[in-house]
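Data first, discussion second: the structure below is written as structure tokens.
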Amino acid sequence: MINYNTVKAVIFDLDGVLVDTAIYHFQAWHRLAEGLGYSFSIVDNEQLKGVSRIESLELILKWAGLEKSDHEKADLLAHKNQWYLALIEQLNPDHLLPGSLDLLKKLQDKGIKIALGSASKNAMGILEKTGIISYFDALIDGNVVQLSKPNPEVFLKGAETLGIEPAYCLVLEDAQAGIDAANAAGMQVIGVGQEAHLKGAGMVVPELGVLVDKF
């Protein structure tokens with residue numbers, strides 16, 4: 001169960017919570033994997049949720065039974081990111097997931113601090129394109145953390161930046177690695193998506209609009 005009365009800050013994951021960019025990641029990783037001779041599937045893509053870019057590549061190389069030098073890996077990652085950036089150029093406020101904007105507005109009206117806690121290195125651009133960057137009091141993304149989820153660094157840094165103790169923070173996540181990271185940080189956590197894929201969350205909701213009346 002979630003104790004909403006103690007929540008002083010909400011930390012949002014990005015992909016799959018506020019904006020659905022998962023399809024663009026899938027398309028870019030699929031293109032990269034196909035170039036390596038590996039048939040990349042939706043099931044594979046699910047295992048990359050909440051995982052850093054380099055760790056995602058390491059998994060694909062492992063599945064493909066390939067080894068690459070650090071230079072080759074950097075080159076592959078650069079290509080993947082170029083393809084992904086080209087795909088997300090089309091993003092606009094219409095791409096926000098249901099309930100995202102309503103919840104951000106409600107939290108801001110209530111004076112509850114808002115932070116981003118995402119592994120994405122393109123988070124700033126996505127928030128700008130979708131028109132919601134002004135709602136955030138802190139932006140913690142893949143450019144400012146060293147360790148990826150399930151390590152709690154991204155959420156702990158968010159709480160520190162906001163000046164809020166972890167116990168008073170609520171995390172919204174769509175990936176198991178993010179749920180695990182929030183629990184490790186000592187924060188309450190709500191899963192967004194299907195309960196079967198989000199073990200250990202205080203509760204699971206299908207979309208953010210369900211939470212608007214909770215605050």
Side-chain angles (χ1 to χ4, degrees), residues 11-33 35-36 40 44-62 68-93 95-97 100 104 114-162 171-182 184-185 192:
I11 305 177
F12 290 81
D13 179 43
L14 179 60
D15 298 337
V17 175
L18 290 165
V19 185
D20 190 6
T21 55
I23 185 61
Y24 305 128
H25 279 296
F26 171 72
Q27 290 171 358
W29 283 125
H30 185 274
R31 182 173 175 180
L32 180 142
L36 295 171
F40 184 75
D44 293 330
N45 195 59
E46 284 294 313
Q47 296 184 61
L48 305 187
K49 279 189 173 181
V51 178
S52 71
R53 198 181 298 171
I54 182 60
E55 289 174 330
S56 294
L57 176 60
E58 295 285 6
L59 282 171
I60 291 173
L61 291 174
K62 177 183 175 183
K68 298 290 183 180
S69 68
D70 289 344
H71 177 76
E72 289 172 319
K73 289 175 185 176
D75 195 44
L76 287 169
L77 288 174
H79 280 97
K80 185 270 175 179
N81 197 47
Q82 287 171 2
W83 298 328
Y84 175 69
L85 290 175
L87 289 167
I88 64 171
E89 272 300 311
Q90 63 191 290
L91 285 178
N92 60 61
H95 289 91
L96 289 172
L97 286 169
S100 298
L104 288 168
I114 301 171
L116 184 77
S118 170
S120 173
K121 292 190 174 184
N122 302 304
M124 295 279 282
I126 293 170
L127 293 178
E128 288 172 349
K129 289 178 185 298
T130 52
I132 58 174
I133 195 166
S134 62
Y135 288 95
F136 290 85
D137 301 293
L139 296 170
I140 311 299
D141 63 13
N143 295 299
V144 297
V145 293
Q146 301 300 316
L147 303 170
S148 57
K149 305 167 187 175
N151 187 284
E153 181 189 15
V154 66
F155 295 138
L156 292 173
K157 189 160 286 193
E160 180 184 7
T161 303
L162 293 173
V171 171
L172 302 179
E173 260 287 353
D174 77 317
Q176 188 61 55
I179 301 290
D180 295 341
V192 182

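Position 1 is the first residue of the sequence, and the numbers go up from there.
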[Y] side chain reached by [X] side chain, heavy atoms, under 4.5 Å:
| X | Y | answer |
| --- | --- | --- |
| K68 | L57 | no |
| W29 | D44 | no |
| N143 | M124 | no |
| L87 | I23 | no |
| D174 | D15 | no |
| L18 | T130 | no |

Derivation and outcome, side chain to side chain contact (heavy atoms under 4.5 Å, CB included), residues H95 and K129 | CA-CA 9 Å; H95 289 91; K129 289 178 185 298; over 6 Å; no

Would you check if the side chain of E153 reaches a backbone N or O of L147 as a donor-acceptor pair within less than 3.5 Å?
->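 Yes; judged by distance alone, with no hydrogens or angles, the pair exists.
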
Flag, side chain of K157 to backbone of V144, donor-acceptor distance under 3.5 Å |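 Between the backbone of V144 and the side chain of K157 there is a qualifying donor-acceptor contact (under 3.5 Å).
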
Are side-chain N/O atoms of S120 and D141 paired as donor and acceptor at under 3.5 Å?
->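 No - no donor-acceptor pair under 3.5 Å links their side chains.
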
Should the pair Y84 and H25 be assigned to parallel (<30°), tilted (30 to 60°) or perpendicular (>60°) ring geometry?
->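 It falls in the parallel class, under 30°.
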
Applying side chain to side chain contact (heavy atoms under 4.5 Å, CB included), run through N122 and Y24 and close with a yes or a no.
-> CA-CA 12 Å; N122 302 304; Y24 305 128; over 6 Å; no

Work out which heavy atom in [X] is nearest to a heavy atom in [Y]; give both atom names and the distance.
| X | Y | result |
| --- | --- | --- |
| L162 | A115 | CD1-CB, 3.7 Å |
| G158 | I140 | CA-CG1, 3.6 Å |
| L116 | I11 | C-CG2, 4.1 Å |
| S118 | L14 | OG-CB, 3.8 Å |

Distance in Å, [X] [atom1] paired with [Y] [atom2], rounded so as to fall on 0.5 Å steps:
| X | Y | atom1 | atom2 | answer |
| --- | --- | --- | --- | --- |
| L76 | N81 | CG | CG | 12.5 Å |
| N151 | S52 | CG | OG | 11.0 Å |
| H79 | L32 | NE2 | CG | 9.0 Å |
| D13 | I179 | CG | CD1 | 9.5 Å |
| I126 | K121 | CD1 | NZ | 14.0 Å |
| F12 | I114 | CZ | CD1 | 6.0 Å |

With side chain to side chain contact (heavy atoms under 4.5 Å, CB included) as the test, would you mind laying out the steps for F136 and L104 before giving the verdict?
-> CA-CA 9 Å; F136 290 85; L104 288 168; 4.2 Å; yes

